[in-house]
Amino acid sequence: MGSRYAIQAWQVFRTRAAMPRMRRFYPGGFEREMTRREAALILGVRERAAIDKIKEAHKRVMVANHPDAGGSHYIASKINEAKDMLTGKGKSGSVF
C-alpha cells in the first residue's frame, strides 16, 4: 500500500518537473514613497542583503538600464534610489 503512494508521488513529481519554470517578475508600477521591499524588488536582492550584494546588484541592473546606453532616466533614478534606500544613505528621493 505504501508503494502505491510512492509511485503516485513520483508520477506527480515527474510531470511537474517537465513543466518549464518561469521567473516571476515584479508586476510593475512604483509606489509613491519607496519602501525597503520595493527597493529590494528593483535590485533583485533580499531586504536585509549585505552591502556588497546590493552594490553588485546595483551595478548589474544599472548596466542594463543606464540612460547612456538607451535606458530611461526615470528607471535609472529609481535604481539609484533603491540602492540608497537599502544601503541606508538617507532618503534622496527621485527627481521625477
Side-chain angles (χ1 to χ4, degrees):
M1 187 120 163
S3 62
R4 180 186 306 162
Y5 293 115
I7 292 170
Q8 287 176 348
W10 171 252
Q11 289 172 346
V12 170
F13 173 75
R14 187 178 60 189
T15 57
R16 190 171 161 194
M19 287 189 268
R21 294 182 187 246
M22 307 251 335
R23 270 185 83 176
R24 292 206 42 187
F25 292 99
Y26 189 54
F30 294 107
E31 297 175 16
R32 195 164 205 50
E33 281 284 321
M34 182 163 301
T35 61
R36 288 189 66 83
R37 179 181 178 275
E38 184 181 28
L41 286 170
I42 290 169
L43 294 179
V45 296
R46 295 180 186 256
E47 290 182 40
R48 303 287 180 206
I51 291 180
D52 294 340
K53 293 274 186 187
I54 294 168
K55 287 182 180 180
E56 179 183 319
H58 175 262
K59 182 177 180 181
R60 180 177 28 98
V61 175
M62 270 309 273
V63 165
N65 294 289
H66 199 276
D68 292 344
S72 165
H73 289 277
Y74 179 72
I75 299 293
S77 71
K78 286 295 191 178
I79 294 167
N80 287 330
E81 185 180 356
K83 183 188 104 181
D84 291 343
M85 171 74 68
L86 291 177
T87 56
K89 292 194 176 174
K91 282 189 169 182
S92 64
S94 175
V95 292
F96 294 102

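Along the sequence shown, the residues carry numbers beginning at 1.
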Identify all side-chain donor-acceptor contacts of residues 45-57 below 3.5 Å with residues at least two apart in sequence or on another chain.
none

Distance-only donor-acceptor pairs under 3.5 Å for side chains of residues 63-70, two or more places apart:
| from | atom 1 | to | atom 2 | distance (Å) |
| --- | --- | --- | --- | --- |
| Asn65 | ND2 | Val61 | O | 2.9 |
| His66 | ND1 | Asp68 | N | 3.0 |

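Nearest approach of His58 to Leu43, heavy atoms of both residues: CA-CD2, 3.9 Å. Annotation for Met34 and Ile42: closest pair CE-CD1, 3.6 Å, computed over non-hydrogen atoms.
Summarising the geometry, atom CD belonging to Glu81 is positioned 10.5 Å from atom CG belonging to Leu86; distances are rounded to the nearest 0.5 Å. The OG1 atom of Thr35 sits 9.5 Å away from the CD atom of Glu33 when rounded to the nearest 0.5 Å.
Put simply, the side chain of Glu38 gets close to the backbone of Glu31: a donor and an acceptor are under 3.5 Å apart.
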Does the pair Phe30 and Ile75 meet the rule for a side-chain contact (heavy atoms from CB on, under 4.5 Å), with working shown? CA-CA 10 Å; Phe30 294 107; Ile75 299 293; 3.9 Å; yes
